[in-house]
Amino acid sequence: MSRMKIKIDVFGLKKWYKQLLDENFYKFLISLGLLASAPVIASVLFDYIVIYGNGRFKAGLLLGIVLLLLFLLLSFISIAIWAAINSNTTGQRRMMLIISAYLMIWLAFGNLYYFFSDTENFVATNTTSVEGLVKEWDGDMHVTELQESTVLRNVPHFWELVPHKDSGGNEQLLPRTVNRLNGYLDCLYFSGVSILTIGYGDIVPESRFLKMLVLLEGFLGQFINVVAIGLWLSGVKGSNDLKKQ
């Protein structure tokens, strides 16, 4: 426990968020929302790097993005739970924090599913054999595409390969993003049915890593539900005790 506290103090996250919560409640919620949106920002950076970057510089940036994203994810989860459980706020503001933490976890995990679908789909598009996946486009050009995501079943694929001729007239296949809005909405929907433990089964995680993320999201969602019910019951008991006095 002491080591964890030292790490948080070194980065100044808990102190900064606690100060922000004390000074301005709504700015705290906005900053927590920005932290939850980190995977989408990372996905945009990933797309730019893999399309326009090259060599070791590209590999180093991609590794840096993944490590930063993992750090932000752990920070977000710890801060969201701390805000809901250990803050000094009471009453309606406390309940608003719990509800906000619940919604932010839904958003953050939806964004995470989007990021990992983006990265995994890119790898699959560039490593899968193109035999049987080539279709005619404009008569003499070809587009290589995968119809379905490799990590979330029934979610459209995020990448396709399109032909491009360089200055020497040589044709090569280059990656291009597709289905982003529909894919993002599907990821948010999947995150919602996961945290609510509805489990329709129309979208299913194929990656083992995403399966573990889904379990973590479900656990966090149920944990916050239990906390909210406990606070409500304690509030009812407290009000009844005051009436008796």
Side-chain angles (χ1 to χ4, degrees), residues 29-51 62 65-66 68-70 72-73 75-77 80 96 98-126 128 133 135 137 143-162 175-225:
L29 293 182
I30 292 174
S31 65
L32 197 62
L34 291 175
L35 193 59
S37 301
V40 171
I41 300 173
S43 183
V44 172
L45 291 175
F46 173 84
D47 295 346
Y48 181 83
I49 291 169
V50 296
I51 292 176
L62 294 178
I65 287 176
V66 172
L68 179 62
L69 185 60
L70 291 176
L72 291 176
L73 171 63
S75 302
F76 166 79
I77 292 175
M96 283 183 64
I98 294 175
I99 295 174
S100 299
Y102 196 87
L103 293 175
M104 294 300 177
I105 289 175
W106 161 69
L107 177 63
F109 276 84
N111 291 336
L112 270 176
Y113 300 143
Y114 177 84
F115 173 79
F116 286 111
S117 294
D118 183 17
T119 54
E120 290 275 2
N121 290 178
F122 175 81
V123 173
T125 302
N126 285 271
T128 303
L133 297 174
K135 68 176 184 180
W137 185 46
V143 177
T144 305
E145 64 176 357
L146 296 175
Q147 298 296 330
E148 193 173 287
S149 173
T150 54
V151 291
L152 288 176
R153 190 192 308 165
N154 296 328
V155 172
H157 209 275
F158 288 2
W159 290 90
E160 67 180 5
L161 297 177
V162 296
R176 182 175 70 182
T177 59
V178 292
N179 300 321
R180 288 314 174 95
L181 179 58
N182 291 336
Y184 182 69
L185 293 177
D186 284 341
C187 289
L188 287 181
Y189 162 77
F190 175 68
S191 178
V193 298
S194 297
I195 196 171
L196 294 172
T197 64
I198 297 174
Y200 286 124
D202 52 345
I203 297 178
V204 182
E206 299 284 354
S207 165
R208 289 183 177 85
F209 181 71
L210 252 64
K211 290 177 181 178
M212 295 299 103
L213 276 182
V214 171
L215 290 178
L216 176 60
E217 181 182 11
F219 170 78
L220 291 175
Q222 295 305 306
F223 178 76
I224 293 178
N225 280 336

*Asks:* Measure the spacing between SG of C187 and CD1 of I203 and express it to the nearest 0.5 Å.
*Replies:*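 Here the rounded value is 7.5 Å.
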*Asks:* Is any side-chain heavy atom of V204 less than 4.5 Å from a side-chain heavy atom of L152?
*Replies:*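 Result no, sub-4.5 Å side-chain heavy-atom pair not found.
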*Asks:* For a quick test of reading the model, state the closest non-hydrogen atom pair linking M104 to G33 and the distance between them.
*Replies:* SD-CA, 3.5 Å
*Asks:* Within the side chain of T197, is there an N or O that forms a donor-acceptor pair under 3.5 Å with the backbone of V193?
*Replies:* no
*Asks:* Looking only at atom types and distance, does a side-chain atom of N111 sit under 3.5 Å from a main-chain N or O of P39, one as donor and one as acceptor?
*Replies:* no
*Asks:* To the nearest 0.5 Å, tell me how far L216 CG sits from I195 CD1.
*Replies:* 10.0 Å
*Asks:* F190 and ring pair (Phe, Tyr, Trp, His ring centres under 6.0 Å): which partner among Y113, Y114, W106?
*Replies:*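 Of the listed options, the one satisfying the test is Y113.
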*Asks:* Would you mind reporting whether Y200 and Y189 have side-chain heavy atoms less than 4.5 Å apart?
*Replies:*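 When only atoms from C-beta onward are counted, Y200 and Y189 do touch, with a gap below 4.5 Å.
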*Asks:* When rounded to the nearest 0.5 angstrom, what distance separates CG in L196 from CD in Q222?
*Replies:* 9.0 Å
*Asks:* Decide, yes or no, whether a salt bridge links D118 with R180 under the criterion of side-chain N to carboxylate O below 4.0 Å.
*Replies:*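 Salt bridge: yes.
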*Asks:* Would a distance-only check, ignoring hydrogens and angles, find a side-chain to backbone donor-acceptor pair under 3.5 Å from N179 to H157?
*Replies:* yes
*Asks:* Does P205 reach the side chain of V151, with side-chain heavy atoms less than 4.5 Å apart?
*Replies:* no
*Asks:* Can you see which heavy atom on E206 is nearest to which on K211, and at what distance?
*Replies:*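 Between these two residues, the closest heavy atoms are O-CE, 4.1 Å.
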*Asks:* Taking C-beta and beyond as the side chain, do F122 and F158 meet within less than 4.5 Å on heavy atoms?
*Replies:* no
*Asks:* Side chain of N154, backbone of D202: donor and acceptor closer than 3.5 Å?
*Replies:* yes
*Asks:* Out of curiosity, Y184 OH to S117 OG, how far, rounded to the nearest 0.5 Å?
*Replies:*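 Between Y184 OH and S117 OG, I get 12.5 Å after rounding to 0.5 Å.
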*Asks:* Please check this pair: side chain of W159 against backbone of V178, looking for a donor-acceptor N/O pair closer than 3.5 Å.
*Replies:*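 Side chain of W159 to backbone of V178: no pair is present.
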*Asks:* Could you tell me which non-hydrogen atom of D186 sits nearest to which non-hydrogen atom of P156, and how far apart they are?
*Replies:* OD2-CD, 3.3 Å
*Asks:* Is there a side-chain contact between S100 and L32, using heavy atoms and a 4.5 Å cut-off?
*Replies:*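 S100 vs L32: side chains apart.
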*Asks:* Return the minimal non-hydrogen interatomic distance between S37 and L107, and the atom names on each side.
*Replies:*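 Minimum heavy-atom contact is OG-CD2, 4.2 Å.
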*Asks:* Measuring from D47:CG to T119:OG1, what's the distance to the nearest 0.5 Å?
*Replies:* 9.5 Å
*Asks:* Got Y102 and L220 here, is their nearest side-chain heavy-atom distance under 4.5 Å?
*Replies:*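 No, side chains not in contact.
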*Asks:* First locate atom CG of L34, then atom CD1 of I30, and finally report the distance between them rounded to the nearest 0.5 Å.
*Replies:* 7.5 Å
*Asks:* Any side-chain heavy atom of F109 within less than 4.5 Å of one from V214?
*Replies:*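 Result no, sub-4.5 Å side-chain heavy-atom pair not found.
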*Asks:* Does a donor on one side chain sit under 3.5 Å from an acceptor on the other, for S191 and E217?
*Replies:* yes
